[in-house]
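Structure first, commentary second.
Every chain is numbered from 1, with letters handed out A, B, ... down the list of sequences.
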2 protein chains.
Amino acid sequence: MKDNILEVYGMEAAAFKALGHPTRLFIAHQLGKRDTCVCELTAMVGDDISTVSKHLSVLRAAGIVDSVRKGNQIIYRLKLRCVLNMSVCAKFGKGK
Amino acid sequence: MKDNILEVYGMEAAAFKALGHPTRLFIAHQLGKRDTCVCELTAMVGDDISTVSKHLSVLRAAGIVDSVRKGNQIIYRLKLRCVLNMSVCAKFGKGK
DNA sequence: CATCTATTTGGCTATTTGGCAGAATAGAGG
DNA sequence: CCTCTATTCTGCCAAATAGCCAAATAGATG
């Protein structure tokens with residue numbers, strides 16, 4: 001059954017996993033408001049820029065964000081916008 | 001800013017993280033259909049029972065499931081039912 | 001109380017992750 | 001072509017995770 005589980009739930013689980021880190025979840029929400037460059041996200045998050053870049057590549061690999069070059073900076077945008085709705089659920093947590 | 005991110009997104013991220021494993025996501029969906037004992041989940045998943053038990057404790061720690069004893073077995077139920085809706089989003093993945 | 005069954009817990013190992021610092025890269029602009 | 005800036009990549013380390021097996025536990029039941 002294991003292969004089957006991986007087949008059915010693998011990609012979906014990967015998306016959850018990508019969002020399963022406070023910094024990455026914050027980034028997703030921030031990008032939900034407006035497209036933002038790495039440098040600005042770095043300033044907001046407060047981690048090393050290499051760390052933020054790595055978080056972004058995790059989000060991109062999961063298909064949650066993508067990016068585009070603008071001048072000499074890379075602008076990230078939220079590609080899978082519905083993650084914003086997903087969030088509402090967990091937010092009310094134990095409640096409902 | 002880091003403390004603030006943790007404060008705002010920490011618990012929510014933990015819920016995503018808990019669902020970020022194919023086996024645990026499968027279990028959540030299965031429990032969405034009906035309450036189930038560890039033994040039966042183990043049979044469905046095909047991992048060692050101790051592994052399944054650990055997955056269940058991760059889900060419980062995140063507030064996603066809870067359990068109740070019935071006879072000599074422990075029945076798990078989906079406590080945070082809205083995770084079933086969350087799933088729909090990721091499922092259509094890159095699409096929307 | 002002794003035992004049986006279902007589950008959890010405690011190692012243990014291999015792998016993955018998160019973070020930083022520093023090197024490498026890619027365009028922009030002189 | 002040189003340099004500057006923004007970003008990504010590579011090593012490195014500490015910590016967390018997934019999985020198995022074996023031991024411990026908790027009720028159920030004789």
Side-chain angles (χ1 to χ4, degrees), chain A residues 1-6 9-28 30-31 35-62 64-77, chain B residues 1-6 9-28 30-31 35-62 64-77:
Chain A
M1 225 317 179
K2 295 215 61 181
D3 331 332
N4 205 356
I5 288 179
L6 195 68
Y9 293 102
M11 292 192 55
E12 193 173 347
F16 281 125
K17 188 175 181 182
L19 293 168
H21 187 288
T23 299
R24 289 194 294 263
L25 192 52
F26 165 80
I27 290 175
Q30 181 55 37
L31 295 181
D35 301 350
T36 314
C37 67
V38 180
C39 54
E40 194 176 345
L41 290 170
T42 299
M44 291 188 279
V45 166
D47 280 340
D48 191 273
I49 188 173
S50 66
T51 301
V52 173
S53 178
K54 212 182 269 188
H55 280 313
L56 286 166
S57 75
V58 170
L59 288 169
R60 173 164 33 205
I64 292 168
V65 307
D66 63 2
S67 63
V68 82
R69 175 174 287 271
K70 193 164 195 171
N72 63 351
Q73 54 193 21
I74 310 283
I75 307 292
Y76 275 82
R77 358 172 248 196
Chain B
M1 225 313 179
K2 292 215 61 181
D3 329 331
N4 204 357
I5 289 179
L6 195 68
Y9 294 102
M11 291 190 55
E12 192 172 347
F16 282 123
K17 188 175 180 180
L19 293 169
H21 187 289
T23 298
R24 289 195 294 262
L25 193 53
F26 164 79
I27 289 174
Q30 181 55 36
L31 295 181
D35 304 349
T36 313
C37 67
V38 181
C39 54
E40 193 175 347
L41 290 170
T42 299
M44 289 188 280
V45 166
D47 280 340
D48 191 272
I49 187 172
S50 67
T51 300
V52 173
S53 176
K54 262 173 208 177
H55 280 313
L56 285 166
S57 75
V58 170
L59 288 169
R60 172 163 36 205
I64 293 169
V65 308
D66 63 2
S67 63
V68 81
R69 175 174 286 273
K70 194 161 194 172
N72 63 351
Q73 53 193 26
I74 311 283
I75 307 293
Y76 276 81
R77 355 172 251 197

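Taken residue by residue, residues 64-77 of chain A places heavy atoms nearer than 4.0 Å to DNA chain D at Asn72(A), Gln73(A), Ile74(A), Tyr76(A).
Atoms NZ and OG1, from Lys54(B) and Thr23(B) in turn, are 14.0 Å apart once rounded to the nearest 0.5 Å. The structure places CG of Leu31(B) at 7.0 Å from CG of Leu56(B), a figure rounded to the nearest 0.5 Å. From His55(A), atom NE2 reaches atom OG1 of Thr42(A) across 10.5 Å, with rounding to the nearest 0.5 Å.
Checked against side-chain hydrogen bond (donor to acceptor under 3.5 Å, both in side chains), Asp66(A) has the following partners two or more places apart in sequence or in another chain: Arg77(A). Residues satisfying the side-chain hydrogen bond (donor to acceptor under 3.5 Å, both in side chains) criterion with Ser53(A), sequence neighbours excluded, are absent altogether. With sequence neighbours excluded, the residues that form a side-chain hydrogen bond (donor to acceptor under 3.5 Å, both in side chains) with Ser67(A) are Arg60(A). Among residues two or more places apart in sequence or in another chain, the side-chain contact (heavy atoms from CB on, under 4.5 Å) test is passed with Ala13(A) by Pro22(B), Leu25(B).
Within the structure, no pair that satisfies the salt bridge (charged side-chain N to carboxylate O under 4.0 Å, His left out) test touches residues 15-25 of chain A, not counting sequence neighbours. Applying the salt bridge (charged side-chain N to carboxylate O under 4.0 Å, His left out) test to every pair with at least one member in residues 35-49 of chain B, sequence neighbours left out, gives these pairs: Lys2(A)-Asp47(B), Arg34(B)-Glu40(B).
Here the range on DNA chain C touched by chain A, meaning any atom under 4.0 Å from one of its heavy atoms, is dT17(C) to dA28(C).
A perpendicular orientation is assigned to the rings of Phe26(A) and Tyr9(B), their planes being inclined by more than 60° (bins at 30° and 60°).
Residue contacts for Leu56(B): at a heavy-atom cut-off of 4.0 Å it reaches no nucleic acid atom on any strand shown.
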With 3.5 Å as the limit, what N/O pairs link the protein to nucleotides 17-19 of chain D?
| residue | atom | partner | partner atom | Å |
| --- | --- | --- | --- | --- |
| dT17(D) | OP1 | Lys17(B) | NZ | 2.9 |
| dA18(D) | OP1 | Arg24(B) | NH1 | 3.4 |
| dA18(D) | OP1 | Arg24(B) | NH2 | 3.2 |
| dA18(D) | OP2 | Arg24(B) | NH1 | 3.3 |
| dG19(D) | OP2 | His21(B) | NE2 | 3.4 |
| dG19(D) | OP2 | His55(B) | NE2 | 2.8 |

